[in-house]
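FYI, the numbering just counts along the sequence from 1. Every number for a ligand or one of its atoms is a count from 1 in the order of the listing.
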Amino acid sequence: MTALSDREDFLHRPRLHVLVASTRPGRAGPPIAEWVAEHARTFGHFEVDVIDLLEVGLPFLDEPEHPSERRYTQPHTKEWSATVDAADAFVFVTPEYNFGINAALKNALDYLYHEWQYKPVGFVSYGNSSAGLRAVQMTKQVVTTLKMVPVTEGVPIHHVGELVVDGRFTGSEALAGAAGRMFSELLRVANALEPLRVEARAQ
Ligand SMILES: Cc1cc2nc3c(=O)[nH]c(=O)nc-3n(C[C@H](O)[C@H](O)[C@H](O)COP(=O)(O)O)c2cc1C
């Protein structure tokens, strides 16, 4: 029997951006994102890119107009717009700072509007005992305003400090299983929302 994910892949092979949300020196984000990207590639139904907000290098929002107008004045905004436009789905690899969303991620979200719309997002969150889940809840409020669709399935990583050693993240079987369930749901939702993304890109 053909798996549901195989049938959906037949319809479309979506582009998944694995977004590294943290930017500080010594951050845990990149090794976790590499682990996520490796599993997403093994999953086999996405084109996978890792997008690192440190490399994107956005200053604090410096556009005069609301992003829904798409009248961008800065080269970095135009580049960021093209990057986000290219994605069909996202995984945000996100820390929790002071029980909430980290500033670099909020700023990157605020820069754009149409480019985020009708794209599913899954969360790989990390922290101490909270596993970053308070940041995820806060981020869901923001992304739904941008008409993104957060999927329920996610990968919550507890006590991240113990799992990133010498710049490498080692995820358990349980976390790998959770990632697989998140990819399946992202694929299903990304394909279902495709007609709406086509419309939004034309605006
Ligand atoms: C400014 C700051 C605030 C933090 N606040 C929290 C927090 O609210 N909850 C938590 O579980 N961990 C918190 N931590 C610890 C982080 O979970 C841990 O340092 C993690 O590695 C941060 O992600 P990053 O390394 O990618 O920056 C905080 C760390 C920083 C730097």
*If the plane angle is over 60° it's perpendicular, under 30° parallel, otherwise tilted; pick one for H45 and F43.*
perpendicular
Without placing hydrogens or testing angles, list every side-chain donor-acceptor pair under 3.5 Å for residues 148-171, not counting sequence neighbours.
{"residue": "H158", "atom": "ND1", "partner": "S129", "partner atom": "O", "Å": "3.0"}

*How long is the gap from CD on E47 to CZ on R41, to the nearest 0.5 Å?*
10.0 Å
*N-O pairing of R197 and E194 below 4.0 Å*: no
Can you give each donor-acceptor pair under 3.5 Å made by side-chain atoms of residues 16-26, sequence neighbours left out, with the distance rounded to 0.1 Å?
{"residue": "H17", "atom": "NE2", "partner": "D49", "partner atom": "OD2", "Å": "3.3"}
{"residue": "S22", "atom": "OG", "partner": "Y126", "partner atom": "OH", "Å": "3.4"}

Atom pairs and distances, donor-acceptor, side-chain atoms in residues 50-63, under 3.5 Å, two or more places apart:
{"residue": "D52", "atom": "OD1", "partner": "R27", "partner atom": "NH1", "Å": "2.9"}
{"residue": "D52", "atom": "OD1", "partner": "L54", "partner atom": "N", "Å": "2.9"}
{"residue": "D52", "atom": "OD2", "partner": "R27", "partner atom": "NH1", "Å": "3.4"}
{"residue": "D52", "atom": "OD2", "partner": "R27", "partner atom": "NH2", "Å": "2.9"}
{"residue": "D62", "atom": "OD1", "partner": "H76", "partner atom": "NE2", "Å": "2.9"}
{"residue": "D62", "atom": "OD1", "partner": "Y111", "partner atom": "OH", "Å": "3.1"}
{"residue": "D62", "atom": "OD2", "partner": "H76", "partner atom": "NE2", "Å": "3.2"}
{"residue": "E63", "atom": "OE1", "partner": "T73", "partner atom": "N", "Å": "2.8"}
{"residue": "E63", "atom": "OE1", "partner": "T73", "partner atom": "OG1", "Å": "2.9"}
{"residue": "E63", "atom": "OE2", "partner": "T73", "partner atom": "N", "Å": "3.2"}
{"residue": "E63", "atom": "OE2", "partner": "Q74", "partner atom": "N", "Å": "3.0"}
{"residue": "E63", "atom": "OE2", "partner": "T77", "partner atom": "OG1", "Å": "2.6"}

Exercise answer, ligand 1 polar atom pairs (N/O) under 3.5 angstrom:
{"residue": "ligand 1", "atom": "5 (N)", "partner": "E96", "partner atom": "O", "Å": "3.3"}
{"residue": "ligand 1", "atom": "5 (N)", "partner": "N98", "partner atom": "N", "Å": "2.8"}
{"residue": "ligand 1", "atom": "8 (O)", "partner": "E96", "partner atom": "OE2", "Å": "3.4"}
{"residue": "ligand 1", "atom": "8 (O)", "partner": "N98", "partner atom": "N", "Å": "3.0"}
{"residue": "ligand 1", "atom": "8 (O)", "partner": "F99", "partner atom": "N", "Å": "2.7"}
{"residue": "ligand 1", "atom": "9 (N)", "partner": "E96", "partner atom": "OE2", "Å": "2.8"}
{"residue": "ligand 1", "atom": "11 (O)", "partner": "N128", "partner atom": "N", "Å": "2.8"}
{"residue": "ligand 1", "atom": "11 (O)", "partner": "S130", "partner atom": "OG", "Å": "3.3"}
{"residue": "ligand 1", "atom": "12 (N)", "partner": "N128", "partner atom": "ND2", "Å": "3.4"}
{"residue": "ligand 1", "atom": "25 (O)", "partner": "R24", "partner atom": "NH2", "Å": "2.7"}
{"residue": "ligand 1", "atom": "25 (O)", "partner": "A28", "partner atom": "N", "Å": "2.8"}
{"residue": "ligand 1", "atom": "26 (O)", "partner": "S22", "partner atom": "OG", "Å": "2.7"}
{"residue": "ligand 1", "atom": "26 (O)", "partner": "A28", "partner atom": "N", "Å": "3.2"}
{"residue": "ligand 1", "atom": "26 (O)", "partner": "G29", "partner atom": "N", "Å": "3.4"}
{"residue": "ligand 1", "atom": "26 (O)", "partner": "Y126", "partner atom": "OH", "Å": "2.6"}
{"residue": "ligand 1", "atom": "27 (O)", "partner": "R24", "partner atom": "NE", "Å": "2.7"}
{"residue": "ligand 1", "atom": "27 (O)", "partner": "Y97", "partner atom": "OH", "Å": "2.5"}

